[in-house]
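Reviewing the structure listed below.
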Amino acid sequence: MAANDHRASFRPAAGEIPTSPGVYRFSDRHGRVLYIGKAKNLRARLSNYFQPMHALMPRTQRMLTLAARVDWTVVATDTESLVLEHTWITEYKPPFNVQFKDDKSYPYLAVTLKDEAPRLLITRNEKIRGARYFGPYPKVWALRETTALLQQAFPIRTCKESDYRRAMDTGRPCLAGQIGRCHGPCSQLVTIEEHRARVSELVSFLAGNDTSHLRRLQREMRDAAAEQRYEDAARLRDQVQAVEHVMEKNAIVLGHDVSLDVFGLRADELSAAAHQFIIRGGRIRGERSWIVDVELDDSPSTLLEQVLQSAYEETDPPPQILVPQIPENSGPLEEALSTKRPRRGRVHLRVPERGDKAQLMDRATRNAGEHLLRHKLKRAADLTARTDALAELQDALGMTEAPLRIECIDVSHLQGTGVVASLVVFEDGLPAKGAYRKYRVEHTRDDTESIHQVVSRRAAQLNQIAASGEQPSGVYRDRPQLLIVDGGAPQVQAAARALAEAGIDDIALCGVAKRLEEIWLPDDPFPVILPRTSEALFLVQRIRDEAHRFAITFQRQRRSTSISTQLSDVPGLGPKRVQALLKHFGSVKRLKAASVPELAAVAGLGPRLAEQVHGFLRGAEEPSQGKLVSEPETTQDGGPSE
């Protein structure tokens with residue numbers, strides 16, 4: 001990218017854009033939306049806009065010349081991104097979009113219940129008297145195909161009203177009935193009452209209340225495959241897929257009389273992100289995301305109250321607001337919000353439990369999580385913020401220099417067994433994943449003894465490097481200025497004892513207590529309290545959380561490997577059957593809790609072998625882990641350390 005390319009001012013940081021499907025928007029410096037697009041993979045799609053300018057189309061070049069901001073909204077499926085793109089193009093009318101400008105509405109499935117013999121229609125007319133509507137559906141071609149399939153599953157009338165009347169008056173089947181394409185009373189094959197019963201089944205199926213016919217198709221497909229009728233099985237498979245596609249009613253398009261707001265919330269110890277979808281006339285007319293600072297005593301309920309109050313400081317609330325949970329003071333909050341709607345009724349807070357609105361809540365929560373992640377990534381990537389964080393840490397811990405290299409140790413176990421530890425490294429406030437280490441810990445009584453063992457091992461490595469007089473290739477070329485352990489005063493004392501035994505006195509040491517985010521120093525009876533909005537606390541929290549994540553990952557990997565090794569000792573249980581067991585149950589915990597019949601249901605086991613496995617799992621002891629060893633990190637987080 002050229003040095004004077006203004007796109008650098010709004011280009012998202014690496015890893016900031018999610019790989020999920022979604023809709024993106026380019027805006028100019030005045031906030032006007034220039035272009036709206038959809039993507040199956042937002043990261044891959046948006047990266048195309050930051051190629052060299054000469055590689056882009058002229059129209060795209062002109063749009064990017066005017067752009068000053070890019071935003072995106074995550075959705076669950078490609079279908080939702082199509083619908084949301086259409087809605088926003090219609091709403092904002094971006095100058096660089098050329099599709100959907102005709103404002104054409106999506107089609108519906110309608111069942112004409114007022115007719116004597118109702119029929120199923122594809123229509124854009126939303127004013128058919130007595131009709132029951134389903135949809136709208138964004139993919140017209142799939143709707144046409146599936147309507148034919150629904151006619152096979154629920155044979156009802158398809159002929160026109162004039163043909164129906166003529167057939168009923170003359171007693172002769174209608175033309176469509178004569179060729180087997182109409183199954184109404186006019187075909188002379190069913191009565192009006194029988195036809196009504198079929199229509200009721202169809203309506204129940206489309207409404208999502210009865211999936212028995214879909215299950216029947218799936219059962220017939222499996223039976224056909226078992227009987228080696230592969231052509232029939234393929235046809236039934238296509239029918240099942242098409243019916244399931246029609247039943248994928250979209251969470252982004254609701255009824256035209258629906259007006260509500262949806263709030264999603266994601267929080268950690270220091271910050272929370274809120275995402276609001278504004279639904280008017282059944283369409284998402286707007287959205288907003290913002291960050292809220294989390295105070296020490298803030299509960300999810302308190303955070304939600306603050307979010308709702310700030311959201312309607314300058315705007316009127318809709319009659320219904322969907323929230324992830326009902327706040328403790330919901331009554332007074334509803335009263336306060338209702339005063340902003342004089343003569344227009346009361347505001348109600350609701351928690352959606354199922355259906356379209358629950359899916360909307362899930363989308364809002366996911367987008368809140370994405371916004372919180374983007375906020376943390378931007379804060380972590382900010383050079384000024386990192387510099388401030390290191391300076392604040394130096395001052396708060398009384399260090400003589402800024403901790404340019406920080407190492408953090410965390411211990412993980414499962415009810416005292418399978419103890420492991422992790423060591424993560426941050427340089428200049430950023431993770432150095434190639435320097436991460438994993439430790440296996442043996443014969444310890446508690447976390448303090450585990451911390452002592454791991455710190456002793458790390459201290460021995462540092463002393464060995466210093467004695468050699470040479471810096472090793474790869475990682476561990478620098479001594480850390482600061483060592484952090486996960487825990488309070490007891491863990492810090494154990495780490496300090498290990499460093500003292502190794503004769504190391506030039507590395508600062510502190511511990512981080514989880515609940516209150518307190519910083520504990522050796523030989524200090526009182527913790528250091530960093531301001532909750534400080535960059536130093538944000539950095540320490542990131543380092544501690546990364547060490548915890550890395551330790552948990554290693555602990556789970558080892559338990560899975562351990563149970564595989566144990567099971568291989570069962571007579572008749574080879575590697576393939578071991579893998580089949582783990583794959584079938586999904587986790588070691590579920591496997592150990594399984595009964596003999598559940599084990600016997602796994603392909604290739606049988607009752608006798610299932611009993612042996614069940615007895616072995618009930619009597620198995622946690623295997624010996626051997627002596628304390630360190631293992632270089634070889635996962636996606638970085639390369640090996642030695």
Side-chain angles (χ1 to χ4, degrees), residues 268-269 380 403 405-427 429-462 474-488 490-492 494-496 498-499 502 507-514 517 519-520 539-562 588 622 625-642:
D268 59 20
E269 292 88 346
R405 181 183 177 97
I406 302 174
E407 297 182 359
C408 181
I409 293 174
D410 181 50
V411 173
S412 175
H413 59 82
L414 184 64
Q415 296 179 348
T417 64
V419 184
V420 299
S422 68
L423 182 144
V424 300
V425 180
F426 274 59
E427 294 182 339
L430 294 175
K433 294 192 175 183
Y436 286 13
R437 301 285 287 190
K438 300 183 292 188
Y439 293 89
R440 292 182 292 177
V441 183
E442 167 67 3
H443 303 313
T444 59
R445 293 171 297 180
D446 51 31
D447 282 356
T448 58
E449 192 170 330
S450 299
I451 287 287
H452 180 270
Q453 286 194 32
V454 177
V455 174
S456 297
R457 180 62 182 242
R458 178 61 182 136
Q461 291 171 335
L462 292 173
V475 299
Y476 292 126
R477 292 174 294 181
D478 300 316
R479 292 172 72 87
Q481 287 83 39
L482 174 63
L483 177 64
I484 301 175
V485 295
D486 182 26
Q491 287 77 14
V492 173
L499 291 177
I507 297 177
L509 174 68
C510 72
V512 186
K514 283 187 176 66
E517 305 294 329
I519 309 298
W520 289 88
L539 176 60
V540 169
Q541 184 199 47
R542 284 186 61 233
I543 297 173
R544 188 272 317 279
D545 291 348
E546 177 69 355
H548 182 66
R549 178 201 66 80
F550 193 48
I552 287 291
T553 301
F554 181 41
Q555 202 261 354
R556 289 172 178 169
Q557 290 172 347
R558 290 201 64 240
R559 289 190 63 81
S560 179
T561 303
S562 173
V588 175
E622 187 69 25
Q625 308 292 343
K627 66 179 181 179
L628 174 68
V629 297
S630 67
E631 298 182 354
E633 162 59 3
T634 56
T635 68
Q636 294 179 354
D637 290 316
S641 60
E642 293 180 346

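Residues: numbered from 1 along the sequence shown.
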Practice item. For Asp446 and Glu449, indicate whether the former's side chain and the latter's backbone hold a donor-acceptor pair under 3.5 Å. Key: yes
Taking Glu407 for its side chain and Pro480 for its backbone only, find out whether a donor-acceptor pair lies under 3.5 Å. no
Does a side-chain heavy-atom distance below 4.5 Å link [X] with [Y]?
{"X": "Arg405", "Y": "Val425", "value": "yes"}
{"X": "Val411", "Y": "Val419", "value": "yes"}
{"X": "Val441", "Y": "Val454", "value": "yes"}

**Prompt:** Regarding Glu546 and Tyr436, is there a side-chain donor-to-acceptor distance under 3.5 Å anywhere?
**Reply:** yes
Which pair of heavy atoms, one from [X] and one from [Y], lies closest together, and at what distance?
{"X": "Ser422", "Y": "Ala547", "result": "OG-O, 2.7 Å"}
{"X": "Arg437", "Y": "Phe550", "result": "O-CE2, 3.4 Å"}
{"X": "Thr448", "Y": "Ala494", "result": "O-CB, 3.3 Å"}
{"X": "Ile519", "Y": "Val540", "result": "CD1-CG1, 4.0 Å"}
{"X": "Leu483", "Y": "Ile409", "result": "CD1-CD1, 4.1 Å"}
{"X": "Ile543", "Y": "Cys408", "result": "CG2-CB, 3.4 Å"}

[X] side, atom [atom1]; [Y] side, atom [atom2] - distance, nearest 0.5 Å:
{"X": "Ile406", "Y": "Gln481", "atom1": "CD1", "atom2": "CD", "result": "8.5 Å"}
{"X": "Leu509", "Y": "Leu482", "atom1": "CG", "atom2": "CG", "result": "8.0 Å"}
{"X": "His452", "Y": "Arg457", "atom1": "NE2", "atom2": "CZ", "result": "14.5 Å"}

If you apply the rule side chain to side chain contact (heavy atoms under 4.5 Å, CB included), what do you find for Arg458 with Tyr439, and how did you get there?
CA-CA 10 Å; Arg458 178 61 182 136; Tyr439 293 89; 4.1 Å; yes
Go through the steps to decide whether Ile507 and Leu462 satisfy the test side chain to side chain contact (heavy atoms under 4.5 Å, CB included), and finish with yes or no.
CA-CA 11 Å; Ile507 297 177; Leu462 292 173; 3.7 Å; yes
* To do: Dump the intermediate steps for side chain to side chain contact (heavy atoms under 4.5 Å, CB included) on Trp520 and Gln491, then the final yes or no.
  => CA-CA 9 Å; Trp520 289 88; Gln491 287 77 14; over 6 Å; no
inquiry  = For Arg544 and Ile484: C-alpha separation, side-chain torsions, deciding distance, then whether side chain to side chain contact (heavy atoms under 4.5 Å, CB included) applies.
reply    = CA-CA 8 Å; Arg544 188 272 317 279; Ile484 301 175; 5.6 Å; no
